Protein chains: 2
Amino acid sequence: MPVRLSDIASEAGVSLMTVSNVMNGKRSRVSEATAHRVLEIADRLGYVPNLPARSLAASKSHIIAALTPVGEDHSLLMSPHTVEVIGGLEKHLRHEGYHVLLRGIEKEADITGAIKGWALDGAILLEFADSQIDRIQVSGVPLVAIDSYSENPRTISVRTDDRRGGWLAGTCLTEAGHSQLLFAGPPFEGMGVMGQRWEGFLSACIASGIDPSQIAVVETLISYEDGQALGRRLRKDHPDVTAVFATADSLAIGILAGLNEAGVRVPEDISVIGFDNIEMSALVTPGLTTVAQDIQAKGAEAARLVLQEVEKGQGTPPPISLEVSLVTRASVASPRTSQRT
Amino acid sequence: MPVRLSDIASEAGVSLMTVSNVMNGKRSRVSEATAHRVLEIADRLGYVPNLPARSLAASKSHIIAALTPVGEDHSLLMSPHTVEVIGGLEKHLRHEGYHVLLRGIEKEADITGAIKGWALDGAILLEFADSQIDRIQVSGVPLVAIDSYSENPRTISVRTDDRRGGWLAGTCLTEAGHSQLLFAGPPFEGMGVMGQRWEGFLSACIASGIDPSQIAVVETLISYEDGQALGRRLRKDHPDVTAVFATADSLAIGILAGLNEAGVRVPEDISVIGFDNIEMSALVTPGLTTVAQDIQAKGAEAARLVLQEVEKGQGTPPPISLEVSLVTRASVASPRTSQRT
DNA sequence: TTGAAAGCGCTAACAA
DNA sequence: TTGTTAGCGCTTTCAA
């Protein structure tokens, strides 16, 4: 029923190969005239290439997988951030004629299995921890890891410039005149995303003459609820603190809510700065000042890099860090406002 | 480099077909003993089937597409709801040995193109409007439309029992003693998701003796911001109203915020009930009473239905509506509380 | 610039 | 229970 290359070939009175060459844009191997005629016929007949056949013959599938870890017998649980990354990469790949296979990964063998089974041209790893990426042994196809600081040489890293983001947050707070600071984020080891944000924040503080030992650190998950709990007890636990850097907006917004419940005013009593610039950040009261990143661009960049490797393939390129910027809203003010109280 | 069926066959001293049959679980065609041996060898050699080859030979790909509409040159923009649906269906399909291809659809031809090109076994349509689904002409593969009330005979509908949800909301409010009600939701024509919720709501109101003409209706988008705007002006525009049914939690939460800004207390002055039970609904103050649905189950159900059609194929099954339930939190109370004021 | 031959790895249909 | 034959629709390689 479906139209094949051979159908077009006989209709056009040329060989199957000529049609194949036209379809693959190898214009140098076909005369302008026949190319034109073949194209016209293909269009008229409604030709759609059979991708499995193409994959089999060429051992190249035009499929890039989006892989995210998933607990055994669990559903894919993508964060809003990941969803946006996928949106960005899907668009790029679609426009380049590639396809996205979405797959939850229960164990490392799933990765190699998917790659070999589908003759995947590449894969993009989302939400994997650096330690997991370190362990990946796969080779033969380009692998891009999003938000990774892993040094796995087989893996291309695409991430946000987290260090600069931390630095922006620190600068924003110290320039407003704060010196009693609190850093709130998930526990981390080494120089992953959070480590980078901390380093950047720290260096901004030091640059403005703050003694690092003065900086309070609270380890907390980044959920709204954890932030809320932290906000409620903040004044009690840290009476001197006048400004908080929360390493995620979800956390920051929770803190805002908790502080509000505790009767602490933002920004008059305490300033809060977040990271991510999620949709909600513009909507809460007061609006959350935060470090913003272009998440879709991160997805597109990841896609661009896999394709570059697929098509040119000159060995793992260096990590890429995307720019961040400061979004100023109402949650940060000078601490003097509070001393007036 | 990769292991093929023939490698296993020669290693085991049997024919290629025997191995193929073992791999496809056709246990009736192979003796227990050889099956065992073949499996052992396949495992030892690390055999991974070549899926494109399998697809080509069987003209069946084991791929189900997740399709969502996308503006030309735009990125996939999935709502949290859709993301959860995809999580549910991906898990189901993965466990059944199928794969998910994620694809943004710019025009209807993209759907047929994808189906023919990949020999897709089926597709699940997400975020399409009923009017778009009505127009779909595709045939040959099962198509499941999520949250659709389209009567397109080629399409299997999986949705929430929206009518019952509306009814639950209406009952909740009238049983609390409210009679001055407001229905807030997006404009709708016909009996789509919103039409159903309205019908259910209306019938609950009528059942408790409320004159339909008393019910105020506000047409509004369902974003937080639109809700906020509505909340701010609610008291002024509708001074008599004591209870609001917002057809989405995002809207309801915005209304809560707007009411709060306007100094209207919830639930003392006005009760609010939502729909969806999104994560945020448990976290706001007061907690939002709402109609809940199991979204992952909806995805899994959609997956189950496509596979049922793929494997049994006995013609488009009737629409399926998943159950809803009422989640009672603090945002609904009896109106008498307010009359005491 | 065009074409013929061979085969990618697998499965369906039939034969033994 | 096992094996043989014949493709699936395409690309690669090589020859014209």
Side-chain angles (χ1 to χ4, degrees), chain A residues 1-39 41-42 45-63 97 113 115-121, chain B residues 1-39 41-42 45-63 97 113 115-121 310-311:
Chain A
M1 189 78 252
V3 183
R4 290 155 303 164
L5 285 187
S6 60
D7 298 326
I8 301 176
S10 57
E11 178 91 8
V14 297
S15 88
L16 189 157
M17 267 321 292
T18 303
V19 181
S20 169
N21 283 135
V22 172
M23 288 312 171
N24 293 36
K26 312 214 195 228
R27 292 307 208 76
S28 66
R29 307 184 140 276
V30 183
S31 81
E32 185 65 26
T34 37
H36 208 77
R37 192 154 44 89
V38 164
L39 245 17
I41 294 175
L45 264 38
Y47 173 71
V48 177
N50 180 312
L51 281 335
R54 193 176 261 186
S55 304
L56 177 59
S59 44
K60 178 170 187 307
S61 62
H62 275 78
I63 301 180
I115 291 173
K116 286 166 66 180
W118 282 110
L120 291 183
D121 292 344
Chain B
M1 189 76 251
V3 183
R4 289 156 304 162
L5 285 187
S6 61
D7 297 327
I8 301 177
S10 59
E11 178 90 9
V14 296
S15 87
L16 191 159
M17 267 321 291
T18 302
V19 182
S20 169
N21 284 135
V22 172
M23 287 314 173
N24 292 38
K26 312 214 195 226
R27 292 306 208 79
S28 67
R29 307 184 141 278
V30 183
S31 80
E32 186 65 24
T34 36
H36 208 78
R37 192 153 44 89
V38 165
L39 246 17
I41 294 174
L45 263 39
Y47 173 70
V48 178
N50 180 314
L51 281 334
R54 193 177 262 188
S55 305
L56 177 59
S59 45
K60 178 172 189 306
S61 62
H62 277 77
I63 302 182
I115 291 174
K116 286 166 67 179
W118 281 111
L120 291 182
D121 292 344
V310 168
E311 279 155 15

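Atom set for the values below is all heavy atoms of this structure, side chains included, hydrogens, waters and symmetry mates excluded. Bear in mind that the values here come from a model prediction, so they are computed numbers and not experimental data. So that the names make sense, note that chain A is the first sequence line, chain B the second, and so on, each numbered from 1.
A:S6 contributes atom OG, which lies 13.0 Å from atom CE of A:M17 (distance to the nearest 0.5 angstrom). A distance of 12.0 Å separates CD1 of A:I8 from OG1 of A:T18, quoted to the nearest 0.5 Å. Note that the OG atom of B:S61 and the CG atom of A:N50 stand 10.0 Å from one another [nearest 0.5 Å].
Contact of the B:L39 side chain with the B:V22 side chain is registered, since non-hydrogen atoms from C-beta on lie closer than 4.5 Å.
An end-to-end axis angle of 30° holds for the helix from C:dT1-D:dA16 to C:dA16-D:dT1, taken from five base pairs per end and rounded to 10°.
Residue A:N21 contributes atom CG, which lies 10 Å from atom P of C:dG3 at whole-angstrom precision. Separating the CG atom of A:L5 from the P atom of C:dT2 is a distance of 16 Å, rounded to the nearest angstrom. B:Y47 places its OH atom 10 Å from the P atom of C:dG9, with the value rounded to the nearest Å. Taking atom NE2 of B:H62 as the reference point, atom C1' of C:dT11 lies 12 Å away to the nearest angstrom. Between the CG atom of A:N50 and the P atom of C:dC10 there is a distance of 17 Å, rounded to whole Å.
Not a single donor-acceptor pair under 3.5 Å links the side chain of A:N21 to the backbone N or O of A:K26. Of the possible polar contacts, none joining the A:S55 side chain to the B:P52 backbone as a donor-acceptor pair under 3.5 Å is found. Listed for the B:D121 side chain is a donor-acceptor partner under 3.5 Å among the backbone atoms of B:H62. Side-chain atoms of B:D7 come within 3.5 Å of backbone atoms of B:R4 as a donor-acceptor pair (strictly under, hydrogens ignored). For the pair A:R37 (side chain) and A:A12 (backbone), a donor-acceptor distance under 3.5 Å is present.
First and last contacting nucleotides of DNA chain D toward chain A (any atom under 4.0 angstrom from a heavy atom, 5' to 3' order): D:dG9 to D:dT12.
Not one side-chain nitrogen or oxygen of A:S15 sits closer than 4.0 Å to the OP1 or OP2 atom of C:dT2.
Projected onto DNA chain D by closest heavy-atom contact, B:L16 and A:P2 fall at different nucleotides, the more 5' of which corresponds to B:L16. Projected onto DNA chain C by closest heavy-atom contact, B:R4 and A:G13 fall at different nucleotides, the more 5' of which corresponds to A:G13.
Of all heavy-atom pairs between A:Y47 and A:V3, the closest is CD1-O, 3.4 Å. The minimum heavy-atom distance between A:G46 and B:K116, with the atom names listed, is O-NZ, 3.7 Å.
A:T18 comes within 4.0 angstrom of sugar-phosphate atoms only, judged by non-hydrogen atoms across all strands, and of no base.
Sorted by residue number, the members of residues 22-38 of chain A with any non-hydrogen atom under 4.0 Å from DNA chain C read A:S28, A:R29, A:V30, A:S31, A:T34.
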